[in-house]
Structures are given as structure tokens and as C-alpha cells.
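So the structure is just underneath, and the comments pick up after that.
Residue numbers start from 1 in every chain, and the chains themselves are labelled A, B, ... in the order their sequence lines are given, proteins ahead of strands.
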There are 2 protein chains.
Amino acid sequence: MKTQLRTIKGILKEQIAGGIYTSQRKLPSERELSELFKTTRITLKEALIALETEGLIYREERRGWFVSPPRLRYNPLSRSHFHRMVEEQQRQASTQVLTVKTELASSEISKVLQLKTLQPIHRIQRLRSVDNRVVLFVENCLISALFPDLLHHDLSQSLTALYKKHYGFETARSRFDVIPTAAPEQVAKALNLAEGQQVLKICRVNYNQQGVVMDCEYEYWRPDAMMIEIESISPHSNACEP
Amino acid sequence: MKTQLRTIKGILKEQIAGGIYTSQRKLPSERELSELFKTTRITLKEALIALETEGLIYREERRGWFVSPPRLRYNPLSRSHFHRMVEEQQRQASTQVLTVKTELASSEISKVLQLKTLQPIHRIQRLRSVDNRVVLFVENCLISALFPDLLHHDLSQSLTALYKKHYGFETARSRFDVIPTAAPEQVAKALNLAEGQQVLKICRVNYNQQGVVMDCEYEYWRPDAMMIEIESISPHSNACEP
DNA sequence: CATCCTTTCTGGACTAGGTCAGTTTTGATG
DNA sequence: CATCAAAACTGACCTAGTCCAGAAAGGATG
């Protein structure tokens with residue numbers, strides 16, 4: 001510990017680990033802290049940002065800095081849906097539908113969905129929370145033709161469950177990409193992040209039992225709110241026996 | 001585009017996309033850019049950091065800012081090793097051994113490796129580059145008893161290949177966690193990052209054909225250098241047929 | 001008791017500098 | 001032509017503020 005920055009980070013870390021801020025989970029304001037540590041707001045802010053990157057604290061725009069709850073464990077390979085996954089970890093889940101649109105697929109989406117003709121798609125944007133903290137912005141793009149009347153159902157539940165119940169579709173195979181990047185404007189606003197802040201982007205494409213692309217999904221996670229957990233089963237193992 | 005920050009980000013983005021800095025891949029210095037944009041170094045630096053978070057540029061400590069090459073696609077489930085994976089993507093890979101130690105397992109490592117007694121482990125720290133750019137710090141911890149004389153081999157190659165060739169062990173199953181976090185001091189130094197900068201941490205545990213834990217691995221990736229790409233095969237599919 | 005308005009508090013955005021520690025370049029010297 | 005030291009350059013780290021917009025709390029009013 002040589003620089004001021006390191007010292008401040010170290011002290012704050014220790015205080016957070018010690019549970020000093022557990023009552024409200026809220027840290028003192030930047031101004032207060034900078035006076036406490038006898039430094040400028042800029043230096044102090046850098047320390048906070050470093051702890052944010054580490055996943056120990058998070059901020060809400062113009063509301064303050066808070067201690068991060070434990071990370072949610074997320075297995076994108078499991079077919080368990082969001083609400084069940086969260087509840088299995090003794091946490092409370094909620095979903096809020098933001099916008100629902102039906103429009104012609106953009107060239108990018110057409111490519112991902114392997115569309116050969118210009119087709120309308122449903123675009124569903126939702127916001128998901130764990131213990132009342134918004135952690136995930138998710139957009140689903142699905143081929144309208146495959147899902148007639150989809151928009152008349154309750155979209156705050158699991159879409160995967162809807163696919164199965166009303167259309168007989170199951171996700172047989174999926175591929176996904178995980179990309180550390182910055183939050184686009186709309187996502188930042190919805191997740192209560194400052195623009196340009198770090199998020200974990202997950203793009204997935206789901207295939208049904210017939211091997212046909214059903215939908216694609218863009219997930220944007222608050223990076224401190226989760227960790228990905230994957231258990232592989234190699235072709236050399238006995239995974240295929242009943 | 002309202003704030004200065006956004007304007008600067010927009011212009012820089014366009015210039016990077018336009019390939020203006022392709023000759024050297026190096027951006028002008030912070031001081032130069034701040035004069036060009038008629039702003040202070042702090043504001044300009046914030047713009048650079050936002051682009052860094054997005055994965056468009058990266059910095060090397062006290063060397064400057066550079067345009068990021070395309071992301072490496074990385075599938076942690078594939079049993080392909082680093083060098084092969086990189087070469088399959090028409091890039092050039094290299095590995096440098098940093099330190100090799102044999103010591104008693106810490107309590108954390110003991111837990112991960114499911115050790116019941118106090119045992120010595122080998123700790124191998126390596127640095128991996130793509131096209132001469134350091135992108136990955138990786139530490140392998142393996143049970144010494146399982147791998148006699150391991151340290152006498154060339155450790156700059158694939159360890160998985162070594163396990164197979166000299167010990168007959170194959171990775172039958174593995175589990176891994178992906179965690180967005182900040183670079184610890186040692187890692188930051190090795191990867192040429194400022195301390196506290198963002199990295200993608202991947203912890204994996206490998207099991208051999210007998211279902212015994214072989215080793216665990218801690219990977220720290222420069223976040224702009226890669227994306228994770230996973231293709232799932234669900235139990236409902238026909239994946240097990242030859 | 002609800003509603004609206006004002007005040008206070010918060011982080012976001014910005015200015016205008018400075019010092020310090022590594023990196024790179026350059027130029028003198030053998 | 002190689003070597004080494006000095007100079008120039010780079011981002012890291014730091015000070016000391018200002019102004020702004022959105023969030024929250026308090027109080028007055030119906």
C-alpha cells in the first residue's frame with residue numbers, strides 16, 4: 001500500500017467486508033468520504049470505481065453507492081428459467097415488461113435468426129430484478145409466424161415456459177456468446193447505470209426440437225450481480241446413459 | 001449527443017472504425033487529444049475509459065492507448081488447447097512461463113481440489129499472447145502426487161497435452177465459473193494493466209476419466225481481447241449418436 | 001390524508017492546473 | 001557501430017474547485 005488510492009481502497013474494502021454499511025447497504029456520499037479521507041472527490045471516485053469494477057459496490061445514478069449483494073449463480077446451459085433459478089438460490093425474482101413491438105426484422109436480426117425472407121418479428125424488452133434490485137435487461141426477438149397471438153399472453157413470466165405450454169416448442173439446443181462490454185444508452189438507463197459503464201452481454205440463439213431457430217435473446221447483466229457457472233459434460237463421459 | 005463526453009466518444013469511435021489509427025494502432029497521447037478536443041485531460045480520459053470498457057481500445061501502462069484487435073472467440077467447453085484455438089482463428093499464439101512453484105495447498109485450493117489431507121501442489125503461472133499482445137494470465141494448480149516430474153517438461157506448451165501424453169490423463173469433465181472483476185495486483189502487472197482495471201476471471205476445475213479432480217486453473221483475460229462462445233447440446237437432442 | 005412545491009442532497013460533468021514513475025528516443029561517447 | 005546516460009514523452013496520480021440535473025425529503029396546502 002503506497003499510493004493514496006490503494007490506501008483508500010484497502011480501508012473501504014475492509015469496512016465493507018466488516019459489514020459496517022450493512023444497515024442501509026449505502027455508503028456515505030462521495031463528498032463525505034472525500035472529506036473523511038482528506039482527498040478530492042476525483043481521487044475518491046477513482047477508488048469507488050475500482051471497487052465497483054471488482055464487484056464489491058455499485059452505484060445508482062444520483063442516488064448513491066451501495067454494497068453489492070452476493071452474486072447470483074447463473075447457468076445459461078440449464079433450461080431452468082429465471083424465476084426458478086433465482087428462487088432456488090433463496091432470492092426473490094421479479095420481471096417487468098418494458099416494451100413490446102412487432103416490426104420487420106433488421107438485417108442483423110435476420111442474419112442471426114437465419115431468415116431468408118423479410119419477416120415480421122416480435123421484440124420484447126424486459127427488466128428483471130433480484131431482491132428488488134434491477135440486474136438484467138433482456139430483449140427477445142422471435143419470429144412472429146411461429147408464435148401467433150403470443151403478445152396476448154402474460155409476458156412477465158418465462159417465455160420458455162410459454163413456448164412450451166402454448167406452442168409445443170422446447171429449446172433443444174442453444175448457442176450463446178458472452179461479451180464484456182459497455183452498456184448502450186437505453187440499457188444503461190433501464191439498469192440505472194451511468195452510460196458507458198461495464199455490463200456483461202450475453203447473446204443467445206435457441207433452436208427447437210426440429211433444429212429450427214426459434215428466437216434470439218440479448219441479455220445485459222449488471223456485472224457485479226452475477227457469475228456464470230457451467231458444468232460441462234464431455235462426449236467421453238457417460239452422460240448419455242439414462 | 002449532448003454532453004462533451006458523448007461528442008468526444010462519438011468522434012473517436014468514428015475515427016477508430018474508419019481506420020485512421022491503423023498504421024500504428026496507437027492513438028495520440030492524452031495531452032494531445034485533450035488539446036485537439038479543447039477539454040481537460042480528466043474529461044478526455046473518461047471518454048477513453050468508456051471506449052476501453054466497450055472493448056474498442058486498450059491501454060498499456062505509461063505506453064499509450066491502442067486500438068483493440070478483433071476479439072478472440074473462446075470456447076471453454078472445447079478440449080482444443082490455447083495454441084490450436086488461436087491458430088484456427090488465423091492468429092499467432094505464444095506462451096511464456098512466469099513462475100513455477102511447489103508448495104503446500106492453501107485452504108482455498110484444498111477445497112477446490114477436494115483434498116482431504118495437507119498435500120503439496122504445483123503452481124504454474126503463465127502469460128499467453130495473441131499476435132504478440134499479452135491477453136491472458138493463467139495459473140494452474142495441480143496435485144503434485146498425480147504428476148511426478150511434471151516440472152521437468154516444457155511448460156510453455158499445452159498442459160492438457162502434457163497430461164495426456166505423459167500421464168494418460170484426459171479431461172473428461174470440467175466445471176467453470178466466469179466472473180467479471182478487477183485485476184489483482186500481480187495480474188495487472190503481468191497483463192500490463194493499471195491496477196483495478198477490469199478483467200474476466202475464469203476458474204475451472206478439471207476431472208479425469210475416473211472422475212477425480214486433476215487440477216484447477218485461474219484465467220484472467222483482458223476483457224476486450226475475447227468473447228466466450230458456447231454451443232450447448234441438450235440431453236433432448238441426438239448428440240450422443242455417432 | 002394525498003398532492004404539490006420547495007429545499008436539500010446526490011452523483012454527473014467539467015475546468016485548470018501540478019507531480020511522479022516508468023518508457024522511449026536521442027545523442028554523445030567509446 | 002554499439003553502449004549508455006540524459007532528455008523527452010507517456011499515463012498514473014493528485015489538488016481544488018464550479019455548475020448541473022435528477023432523487024429524496026420536508027413542509028405547506030387543499
To the nearest Å, how far apart are [X] [atom1] and [N] [atom2]?
X       : N       : atom1 : atom2 : result
E30(A)  : dA16(D) : CD    : P     : 17 Å
L193(A) : dG22(D) : CG    : C1'   : 16 Å
N192(B) : dA12(D) : CG    : P     : 10 Å
F37(B)  : dC14(C) : CZ    : P     : 13 Å
L44(A)  : dA16(D) : CG    : C1'   : 15 Å
I42(A)  : dG17(D) : CD1   : C1'   : 9 Å
Q4(A)   : dA12(D) : CD    : C1'   : 13 Å
K9(A)   : dC13(D) : NZ    : P     : 8 Å

Checklist entry - Is there any salt bridge (charged side-chain N to carboxylate O under 4.0 Å, His left out) pair reaching into residues 90-99 of chain A, and which pairs are they, with sequence neighbours excluded? => result R91(A)-D131(A)

Just N and O in the side chain of [X]: are any of them under 4.0 Å from OP1 or OP2 of [N]?
X      : N       : answer
K45(A) : dG12(C) : yes
T40(A) : dG17(D) : no
T39(A) : dC14(D) : no
K38(A) : dT15(D) : no

Next on the checklist: Heavy atoms only, 4.0 Å cut-off, all strands: where does S29(B) land among base, sugar-phosphate and nothing?
Outcome noted: sugar-phosphate

Next on the checklist: Is the terminal nitrogen or CZ of R126(A) (NZ for Lys, CZ for Arg) located under 6.0 angstrom from the six-membered ring centre of F82(A) and within 45° of that ring's axis?
Outcome noted: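 That pair does not qualify as a cation-pi contact.
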
Checklist entry - Of the nucleotides dT15(D), dG12(C), dA13(C), which has the atom closest to the T43(A) side chain? => result dT15(D)

Item to check | Protein proximity profile, nucleotides 19-26 of chain C - base contact B, sugar-phosphate-only contact S, no contact -, cut-off 4.0 Å on heavy atoms | outcome: --BSSS--

Next on the checklist: Strictly distance-based, threshold 3.5 Å: is any side-chain N or O of R204(B) a donor or acceptor partner for the main-chain N or O of F176(B)?
Outcome noted: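 Side chain of R204(B) to backbone of F176(B): no pair is present.
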
Checklist entry - With a 4.5 Å heavy-atom cut-off, do I228(A) and I202(A) have their side chains touching? => result yes

Item to check | Heavy-atom check, side chain of S94(B) versus side chain of R128(B), under 4.5 Å | outcome: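 Heavy-atom side-chain distance check fails, nothing below 4.5 Å.
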
Checklist entry - Looking only at side chains, do E54(B) and T181(A) share a donor and an acceptor under 3.5 Å apart? => result no

Next on the checklist: Quick check on the 6.0 Å ring-centre criterion: do W221(A) and F137(A) meet it?
Outcome noted: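 W221(A) vs F137(A): aromatic centres not under 6.0 Å.
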
